[in-house]
Trainee: 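My questions will all concern the structure given below.
Each residue takes its place number in the sequence, starting with 1.
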Amino acid sequence: APTDQAPTAVPIALVLAGGAVFSWVSITNAAHCSPQWSQDLAFFHQWVHSAANGGPWASPLILEPQGFFQQVHTHLILPLVVGLYRVIPSQSLLLALHSFVVACTVWPAFRLAERAGGFRHALFVSLALLAFGPFQAVAVADFRPIGLVMPALTGIWLAAHKGCAKGAVAFSLLALLARQDAVYLVGASGAVLTVLPWGENTRRVGMSVASIGVAGFVAFALLKPEMFFHINLTGQSTLPTGAELWANRASFGLAFLLSGWWVGVLTPAPLLAAMPVLWGMMTTGREWHILTGPGAHHHAFWLPFVVVAATVAAARVPKRFGGPLLLVLGWLAVPHPTLAPERPDLERLIQAVPSDARVAADYDTIHRFSGRAVLWNIDQLYVEERPRHWTNDWPLTGEMVDVVVAPHDHALVERLSEWHVVHRSQSHVVLRQP
């Protein structure tokens with residue numbers, strides 16, 4: 001039964017504590033040249049840096065259409081980030097913003113759990129969420145605007161559970177600020193909330209949410225030259241093959257079952273809203289199950305639905321053991337992102353590169369050189385095949401940069417044999433144009 005609300009200071013403290021820890025892990029790993037995905041962190045930083053300094057909304061690193069609405073992804077929240085970056089021009093700001101935004105998911109989860117089972121249940125569910133490996137993976141996934149859908153979608157289901165149409169609309173609009181993918185996440189939520197019971201939800205709430213999803217899709221389709229969903233809803237005619245892929249998915253599925261978060265099947269409405277996401281994941285070869293690396297942020301697509309379903313369902317476990325069980329089992333069953341060790345040899349090498357140099361770097365170090373006028377990936381140089389969307393000069397050559405940072409055994413090092421060796425570490429070398 002609904003209970004009196006705990007002081008606002010309680011969910012605030014949980015959000016701040018989680019955000020601080022996740023920020024520390026993310027910033028530390030980036031400093032140690034081990035972010036979740038160095039290339040994406042670099043081009044997000046390049047976008048923000050260029051826009052904040054009066055340049056184009058562009059990062060050639062991504063080799064895709066440039067421009068705010070022309071890019072295959074549109075993140076309506078980024079202009080706000082650009083404004084903050086203008087005041088604090090640091091990559092650490094981007095990493096901290098991401099971690100704290102994802103940590104904000106704890107707030108609506110706490111209030112929803114409180115409605116379902118009281119303060120004790122809300123506290124345990126919040127701690128269980130902070131301890132859950134996939135949630136941590138999203139929270140330390142460098143800088144990804146898609147992280148905003150986590151608190152936004154959770155907020156939609158909280159507002160619907162309260163029968164609050166204004167809150168559901170507000171959270172739906174917030175979700176659309178993350179990326180255009182949010183339109184089908186919001187639309188699916190609205191469709192289910194329109195036909196299935198969920199707390200004090202009414203059909204009016206569900207229809208309001210669904211209409212925002214539909215309107216958002218139409219608006220993005222009209223404004224964007226090219227729509228692209230990271231989780232492809234159309235799937236493919238056959239499930240992807242590959243023994244390793246399916247072995248990894250089975251391993252993750254088993255860990256998920258052991259974690260106890262499957263208890264959400266007792267309140268299936270949110271899980272039904274997640275069916276399009278599950279179908280898109282199962283019919284693609286993307287490694288969405290991993291907890292580190294390029295695909296870590298993919299958990300943001302399904303986690304909110306599982307969280308809200310399990311939060312309500314766990315309150316039904318006898319003697320309210322649901323929250324403690326989610327905390328203990330979730331912590332033990334699923335691995336967690338970890339702190340990367342220091343790499344002092346790479347740090348000395350990075351410091352040897354001038355801050356105003358035009359740089360081409362490898363996947364390990366490229367994020368450390370982002371936030372400058374010219375930055376390329378060494379694997380983009382001398383590639384003969386022009387990318388589909390690329391309209392500028394091609395191929396890219398070493399003459400476009402002043403400094404190259406590459407592993408010793410990279411083919412580019414031999415190709416640039418006449419360049420001067422500025423610094424050498426155990427694994428990399430810094431070359432300067434003659």
Side-chain angles (χ1 to χ4, degrees), residues 40-86 94 97-98 101 143-153 155-156 165-166 168-191 193-194 206-235 273 276-277 279-280 284 286 297-298 300-301 304 387-392:
D40 282 15
L41 176 56
F43 72 64
F44 271 119
H45 191 184
Q46 289 294 96
W47 275 341
V48 173
H49 175 81
S50 177
N53 287 278
W57 197 271
S59 172
L61 271 180
I62 199 171
L63 295 181
E64 291 178 355
Q66 305 295 303
F68 188 73
F69 284 113
Q70 288 72 29
Q71 295 169 9
V72 295
H73 292 311
T74 291
H75 316 85
L76 297 178
I77 193 64
L78 278 189
L80 175 60
V81 176
V82 168
L84 294 173
Y85 183 89
R86 179 73 177 175
L94 305 183
L97 281 175
H98 173 88
V101 164
F143 176 74
R144 308 273 188 167
I146 192 64
L148 183 60
V149 305
M150 296 277 292
L153 286 176
I156 291 173
K166 291 182 179 179
V169 167
F171 278 115
S172 298
L173 295 174
L174 183 65
L176 297 189
L177 297 180
R179 198 165 71 186
Q180 72 268 11
D181 303 67
V183 295
Y184 71 79
L185 304 176
V186 172
S189 296
L193 289 170
T194 301
M207 293 180 67
S208 298
V209 174
S211 63
I212 291 175
V214 173
F217 178 86
V218 172
F220 277 121
L222 292 176
L223 290 169
K224 289 179 59 58
E226 180 174 343
M227 286 283 279
F228 174 78
F229 290 157
H230 226 52
I231 301 298
N232 184 10
L233 298 183
T234 60
V277 183
W279 169 254
T284 180
R286 286 185 180 273
H297 63 291
H298 290 168
F301 292 91
R388 181 166 61 96
H389 298 291
W390 193 253
T391 58
N392 296 337

Trainee: Does the side chain of Phe220 come within less than 4.5 Å of Leu76's, by heavy atoms?
Mentor: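 Result yes, sub-4.5 Å side-chain heavy-atom pair found.
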Trainee: Write down the atom of Ile77, the atom of Pro145, and the distance for their closest heavy-atom approach.
Mentor: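 Here Ile77 and Pro145 meet closest at CG2-CB, 4.0 Å.
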Trainee: So for atom CZ, which belongs to Phe217, do other residues, nucleotides or ligands contribute more than 12 heavy atoms lying within a distance under 6.0 Å?
Mentor: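 No - once you tally the heavy atoms of other residues, nucleotides and ligands closer than 6.0 Å, there are 12 at most.
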Trainee: Give a yes or no on whether the backbone of Leu185 and the side-chain of Ser189 come within a donor-acceptor separation of less than 3.5 Å.
Mentor: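 It does hold such a pair.
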Trainee: State, with a plain yes or no, whether a side-chain heavy atom of Leu222 is found less than 4.5 Å away from one of Val218.
Mentor: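 Touching, per the 4.5 Å side-chain cut-off.
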Trainee: Is there a side-chain contact between Phe301 and Ile146 in this structure, where contact means two heavy atoms from C-beta onward sitting under 4.5 Å apart?
Mentor: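 When only atoms from C-beta onward are counted, Ile146 and Phe301 do touch, with a gap below 4.5 Å.
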Trainee: Can you name the closest pair of heavy atoms from Leu148 and Ala178 and give their distance?
Mentor: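 The answer is CB-CB, 3.8 Å.
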Trainee: Hey, does Val149 have a side-chain heavy atom less than 4.5 Å from the side chain of Arg179?
Mentor: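 Arg179 does not reach Val149 side chain to side chain.
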Trainee: Quick one, Val72 and Ile62 - any side-chain contact, counting heavy atoms below 4.5 Å?
Mentor: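 The answer is no, as the side chains (C-beta and beyond) never meet within the 4.5 Å cut-off.
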Trainee: So how far is it from Ile212 CD1 to Phe171 CZ, rounded to the nearest 0.5 Å?
Mentor: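 Here the rounded value is 12.5 Å.
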Trainee: Just so I know, are the side chains of Phe44 and Leu94 near enough to count as touching, which here means a heavy-atom distance under 4.5 Å?
Mentor: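 In short, these two side chains do not touch, never coming nearer than 4.5 Å.
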Trainee: Can you measure from CE (Met150) to NE2 (His297) and round to the nearest 0.5 angstrom?
Mentor: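 Between Met150 CE and His297 NE2, I get 12.5 Å after rounding to 0.5 Å.
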Trainee: To check you understand the geometry: which heavy-atom pair defines the closest contact between Ser208 and Val169, and what is its length?
Mentor: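 Nearest pair, atom of Ser208 first, then Val169: CB-CG2, 3.9 Å.
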Trainee: Please report the closest heavy-atom contact between Ala52 and Tyr85, naming both atoms and the distance.
Mentor: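 Scanning both residues, the minimum pair turns out to be CB-CD2, 3.6 Å.
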Trainee: Search all heavy atoms of Leu153 against all heavy atoms of Pro304 and return the closest pair with its distance.
Mentor: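 That would be CB-CB, 3.7 Å.
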Trainee: To the closest 0.5 Å, what do you measure between CG (Leu41) and CD (Gln46)?
Mentor: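 That separation rounds to 10.0 Å.
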Trainee: Return yes if some donor-acceptor pair links the side-chain N/O of Gln66 with the main-chain N/O of Trp57 below 3.5 Å, else return no.
Mentor: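 Answer holds: no.
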Trainee: Backbone N or O of Trp47 within a donor-acceptor pair of the Ser59 side chain at under 3.5 Å?
Mentor: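 Side chain of Ser59 to backbone of Trp47, a donor-acceptor pair under 3.5 Å: no, none is there.
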Trainee: How far apart are the closest heavy atoms of Ile156 and Ser172, and which atoms are they?
Mentor: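 Looks like CD1-OG, 3.5 Å.
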Trainee: Taking C-beta and beyond as the side chain, do His73 and Asp181 meet within less than 4.5 Å on heavy atoms?
Mentor: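 Yes; the side chains approach each other to less than 4.5 Å.
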Trainee: Could you check whether any side-chain heavy atom of Asn53 comes within less than 4.5 Å of a side-chain heavy atom of Arg86, counting everything from C-beta outward?
Mentor: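 Yes, close enough: below the 4.5 Å cut-off.
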